[in-house]
Amino acid sequence: MNSKGKGCLIPLVIVIGLIVILIAVFAGNYNKYVTASETVDQEWSKIEVQLQRRYDLIPNLVNTVKGYAAHEKDVIKSVSDARAALGGARTPNEIAEADGQLQNALSRLLVVVENYPNLKADAQFTQLMDELAGTENRIAVARVDYNNVVADYNKLIKRFPGNLMAGILGFDKKDYFETTPESRNNPEVDFGTEDTSLRFNNNTAVSARTGA
């Protein structure tokens, strides 16, 4: 090969080398973004499982309350309406808003329950409250875990130069699942026993998990 041919070959090799490097960099970051995104989706699915569990518990709870306090129509309807709104929510923001409404409605229901000693003593009601309390705690823990991985993901796609590649590769910022003012300010209701106490204030469970 003459010197002219060698002179043309060197730039070509350099260009090919740069292309290979760029492909490797993009592929490496793409895999990181995919892994982080999948982790977020997995943690979100855990929240959905617990939300569905609570969604399924509420009709039995409402029917039990109706058996003792059927005339408390406004409060009972607010719980049913909030449950329906949660069932129709799709995005984390929509679900957080609907969840806050449901938390508020449930708190109002529990305040009403205080006026019905026979209902508070009902075995089915007590069991439902225990199950609901456990579900609330699991939701709070799952929220913390989800928000942590969302924070990691968002940092990954916002930092330079990852932000440039994230935009090109189609990875967008993900929303946190945050408590609403309604759920943060809900009244606390305690039925006076260790087994049946239920507080609809998720900050308590979150603080316990995070050490705050």
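We use all heavy atoms of the structure for the numbers below, so side chains are in, but hydrogens, waters and symmetry mates are not. None of these values were measured; they are calculated from a predicted model.
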- Item | Minimum heavy-atom distance between Thr135 and Arg53, given as atom pair plus value | OG1-NE, 3.1 Å
- Task: Would you indicate whether the side-chain heavy atoms of Ile76 and Val112 approach each other to under 4.5 Å?
- Result: no
- What's the verdict on side chain to side chain contact (heavy atoms under 4.5 Å, CB included) for Leu110 and Met129, showing C-alpha distance, side-chain angles and the deciding distance? CA-CA 10 Å; Leu110 294 182; Met129 295 310 299; 3.3 Å; yes
- Say whether Ile58 and Val49 are linked into one hydrophobic cluster, either directly or through other cluster members, by side-chain heavy-atom distances under 4.5 angstrom. no
- Query: Just by modelled atom types, is the Pro59 backbone N or O under 3.5 Å from a matching donor or acceptor in the Asn63 side chain?
  - Reply: yes
- Query: So, for Tyr116 and Ala69, which heavy atoms are closest and what is the spacing to 0.1 Å?
  - Reply: CZ-CB, 3.5 Å
- Item | Exercise: identify the closest heavy-atom pair between Val149 and Glu43 | CG2-CG, 3.7 Å
- Task: Determine, step by step, whether Asp145 and Lys46 satisfy the side chain to side chain contact (heavy atoms under 4.5 Å, CB included) criterion, reporting the C-alpha distance in whole Å, the side-chain angles of both residues, the deciding distance to 0.1 Å, and the verdict.
- Result: CA-CA 9 Å; Asp145 292 341; Lys46 295 177 183 179; 5.8 Å; no
- Query: Under a 4.5 Å cut-off applied to non-hydrogen side-chain atoms, are Thr64 and Leu128 in contact?
  - Reply: yes
- Query: Linking I/L/V/M/F/W/Y whenever their side-chain heavy atoms sit closer than 4.5 Å, directly or via other members, would Tyr55 and Val62 fall into one cluster?
  - Reply: no
- Message: Which label fits Phe171 and Tyr30: parallel for a plane angle under 30°, tilted from 30 to 60°, or perpendicular past 60°?
- Response: perpendicular
- May I ask you to decide if Val34's main-chain N or O and Glu38's side chain share a donor-acceptor pair within less than 3.5 Å? no
- With side chains defined as the heavy atoms from C-beta onward, is the minimum distance between Pro92 and Tyr176 less than 4.5 Å? no
- Can you find a pair of side-chain heavy atoms, one from Val65 and one from Glu72, that are under 4.5 Å apart? no
- Message: Quiz question: by atom type and distance under 3.5 Å, do the side chains of Asn93 and Glu97 form a donor-acceptor pair?
- Response: no
- Scan side-chain atoms only and decide if Glu136 and Gln103 contain a donor-acceptor pair under the 3.5 Å cut-off. yes
- Could you pull out the closest heavy-atom pair between Asn163 and Lys158, with the gap in Å? CB-O, 3.4 Å
- Message: Can you confirm whether Lys77 is buried at NZ, in the sense that more than 12 heavy atoms of other residues, nucleotides or ligands lie under 6.0 Å from that atom?
- Response: no
- Taking only Lys NZ, Arg NE, NH1 and NH2, and the carboxylate oxygens of Asp or Glu, determine whether Glu178 and Arg143 approach each other closer than 4.0 Å. no
- With a 4.5 Å heavy-atom cut-off, do Ile95 and Leu86 have their side chains touching? yes
- Query: Does Glu131 reach the side chain of Arg54, with side-chain heavy atoms less than 4.5 Å apart?
  - Reply: no
- Query: Only one of Asn115, Asn118, Asp122 forms a side-chain hydrogen bond (donor to acceptor under 3.5 Å, both in side chains) with Tyr68, so which one is it?
  - Reply: Asp122
- Message: For a 4.5 angstrom cut-off between non-hydrogen side-chain atoms, does Arg83 reach Leu57?
- Response: no
- Exercise: identify the closest heavy-atom pair between Asn60 and Asp56: ND2-O, 4.3 Å
- Taking C-beta and beyond as the side chain, do Tyr33 and Met165 meet within less than 4.5 Å on heavy atoms? yes
- Nearest heavy-atom contact between Lys174 and Asp41 is NZ-OD1, 4.0 Å
